[in-house]
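Contents: one structure, followed by commentary.
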There are 2 protein chains.
Amino acid sequence: MKLGQATIKDIARELNVSSSTVSRALKDYPGISDETKRRVKELADKLNYRPNAVALSLRKSKSFTIGVIIPEVVHFFFSTVISGIEEVAFSNGYNVILCQTNERLDREKSSIDTMLSNQIDGLLVSFSKETTEFDHFSKLMDLDFPIVFFDRLPEIPNAVNVTVNDFEGAYQAVKHLLEQGYKRIVHLAGPSNLAISKKRKEGYLKALAEAGIEADESLIIECPGGNEKESFDVTKQLFENEKNRPDAIFAHHDIVAAGAMMALKSLDLRIPEDVGLVGYSNWQFSSMIDPPLSTVSQPGFKIGETAITMLLEMIDKKRDYKSEPVQVVLDTELLVRKSSVRI
Amino acid sequence: MKLGQATIKDIARELNVSSSTVSRALKDYPGISDETKRRVKELADKLNYRPNAVALSLRKSKSFTIGVIIPEVVHFFFSTVISGIEEVAFSNGYNVILCQTNERLDREKSSIDTMLSNQIDGLLVSFSKETTEFDHFSKLMDLDFPIVFFDRLPEIPNAVNVTVNDFEGAYQAVKHLLEQGYKRIVHLAGPSNLAISKKRKEGYLKALAEAGIEADESLIIECPGGNEKESFDVTKQLFENEKNRPDAIFAHHDIVAAGAMMALKSLDLRIPEDVGLVGYSNWQFSSMIDPPLSTVSQPGFKIGETAITMLLEMIDKKRDYKSEPVQVVLDTELLVRKSSVRI
DNA sequence: TTTTTTTGTGCAAACGATTGAATAGCTGTC
DNA sequence: GACAGCTATTCAATCGTTTGCACAAAAAAA
């Protein structure tokens, strides 16, 4: 930056004092005469002096910048998380530098590299779908570098993380479907390598088991892509045949549910009368579609807030997360809308 | 950062050479013996040396970081823009630091301040709804600091910017409604202080004028909040009365349209048979609601890409935007879906 | 008046990397 | 054997800020 920004040196030269004096005067150090302080501050004001954060970073080995790694900004859930992160970071004087991996491991690794050379003070991570080994994280953690994982959990012992109670959320959702009298419930599952997918599936299974219903493996279908096209096709195929047709769907997330909803409509099946439908994540559109989609809401903003709050505590060493690792699990909330209510 | 990151000095010490030698060896400067180069590179590799970007920034007065100011991440449109920005920035070795203003001017100003003290090389801005005077931008521009505005245009002569052709988009949308035989078309408008709102309204007016229909001011209603609740209420009130009831809506964006759609449904009005509906921005959900919403799609990703490409050119002085200011206008696309087709 | 204490400033090194200029040790030439 | 010319390396300053220590002058105590 050219920007002719005034520096401490400029002030010092102009006032015929040393840089040290200016520095101290600006920070109201004791041992500087009131007169000098006044003159320094006055000039600083006039020149619109703004401390050079880069120089400060270098000097203090602290950049007041934290890195955020997420798969994709355009996922509504992630954008709410970012919003929460931003909010707390900003009010604590931290900057947020953002990298999205587009679900790719190589991008994840190189993003971390650039961020590290930019001397970030800590990292908030929701890793990519491709990430199955976690050395690039655990190496950093061994060096005491502060990392908080959110939403997606790494297979690293004692990793500090914030997630939602996916198991419970899924359990509640399916239990609700059962209470509404639905019997043959399909689960459109997420990518099997993500912990969240497993948790949701387990919740689904538990609810069935509790109701004394034996799980039918043919009703559990993985939708790794997570787009509406995929689930449209899957659902259409599943419900085409009248014989032994399922009567409800619990989807891994709302986009998947939306695809399923369209498939059901194209088959002239009524929702919720013929088929009940519950999604996950409470995407922005869920309440606006017809019928409004029942879903499990995840507190995205809260996740972001919590994660960065913990990260800042790690950075400031206010709490020793090493001896007392923390895994925060936030509650989900089942939002019952029209798509799953038939009694 | 503790991180015991190896520095040039560490390598120098270990190898009993000076830092300068190490620096030059790493960059294959001429005048360093092959033997030394080999040893330096080998050790650098072994120590996993990574240049300190902060030190570099300070030295070179260039941070390879650009700042992005947007109103809110959770707006789908903005998140696609960010995605485009991210992509190009990353592949050019730039970092993105992100601040959302939550539509507040004070946040906007203080964000810019922090970003500047972090020595960003340039700024991409979509300013807040509250921003009505632009001194905080024009001051910077006078100092030749690179800024590109997107989506929202400041009242600054010669500001470099990227927008979509909102006028044309709105015009096409309303023309389409007219072609479908709708006659009394409501416009649920955006905040009147934003240029985009004006442009869309003008497009609406032009289409009407062309069709020889006199604009009825009572059919143009501002929805400054832009949430579905607001437009729900407005729409309900407008359509409640059978007498002289409007027969179509052109909404300032899809959320507003979605609110209107719910209101219409609650009045048992059929879409598109009784009332036609077109939104704006092609939010993710628009294709998934029932009926699927016709809308004007804005190329968010492309906007991001274009804006940062121009910014990088300004930063690298590849092009002189000062003598030849540029205002890029990207085309929108009318996506005709069910909500507006009745013939 | 001399010594001690206080007050206000300045010096210089440091953070990590770069870079123009200086220098040391060669080899080769006349 | 003196000196030019080359190669490989080091010196030192620089970017903007902070901070331990030294130091001078003035004020207070002896």
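Because the structure is a prediction, the values reported are computed rather than measured. Residue numbers start from 1 in every chain, and the chains themselves are labelled A, B, ... in the order their sequence lines are given, proteins ahead of strands. Side-chain atoms are counted along with the backbone in the values below, which use heavy atoms only and exclude waters and symmetry mates.
- No salt bridge links B:D135 with B:K109; every basic N to acidic carboxylate O contact stays at or beyond 4.0 Å.
- The side chain of B:S19 contributes no N or O atom lying less than 4.0 Å from OP1 or OP2 of C:dG16.
- Residue A:S23 places its side chain closer to D:dT19 than to any other of C:dG16, D:dG16, D:dT19.
- Under the 4.5 Å side-chain criterion, counting only non-hydrogen atoms from C-beta, A:L140 is in contact with A:L116.
- Atom CZ of A:R50 and atom P of D:dT17 are 12 Å apart (whole Å).
- Note on A:S20: a base of the nucleic acid sits closer than 4.0 angstrom, heavy atoms only.
- Between the C1' atom of D:dG16 and the CG atom of B:L58 lies a distance of 6 Å, rounded to the nearest Å.
- Seen from the ring of B:F137, B:K139 does not count as a face-on cation partner, given the 6.0 Å and 45° thresholds.
- Within the nucleic acid shown, B:N16 comes within 4.0 Å of sugar-phosphate atoms alone, with no base atom in reach, counting heavy atoms only.
- Phosphate contact (OP1/OP2 of D:dT19, side-chain N/O of A:K60, threshold under 4.0 Å): present.
- Atom CG in B:L15 sits about 10 Å away from atom P in D:dT10, given to the nearest Å.
- Here B:S57 lies out of heavy-atom contact (under 4.0 Å) with every strand.
- Here D:dT9 presents its P atom at 19 Å from CZ of B:R13, a figure rounded to the nearest Å.
- Separating the CG atom of A:D34 from the C1' atom of C:dT9 is a distance of 15 Å, rounded to the nearest angstrom.
- Using a 4.0 Å cut-off between a side-chain N of Lys or Arg and a carboxylate O of Asp or Glu, B:E14 and B:K9 do not qualify as a salt bridge.
- Mapped onto DNA chain D by nearest heavy atom, A:R24 and A:I8 fall at different nucleotides, with A:I8 at the one closer to the 5' end.
- Contact annotation for A:S33: backbone-only contact, meaning every heavy-atom pair under 4.0 Å involves sugar-phosphate atoms and none involves a base.
- Backbone-only contact: A:V17 has heavy atoms under 4.0 Å from sugar-phosphate atoms and none from a base.
- In this pair, A:F149 and A:F127 present their aromatic rings perpendicular. The plane angle is above 60°, beyond the 30 to 60° band.
- Atom CD of A:Q119 is separated from atom C1' of C:dA17 by 12 Å (rounded to the nearest Å).
- Mapping B:R59 and B:T36 onto DNA chain D via the closest heavy atom, the residue that lands nearer the 5' end is B:T36.
- Using a 4.0 Å heavy-atom distance criterion, B:S18 is classed as a base contact.
- Here B:Y29 does not reach the OP1 or OP2 of D:dT7: none of its side-chain N or O atoms lies under 4.0 Å away.
- Rounded to an integer number of Å, the gap from B:L56 CG to D:dG16 P is 15 Å.
- Atom pair B:K9:NZ and D:dC11:P shows a separation of 14 Å (rounding to whole Å applied).
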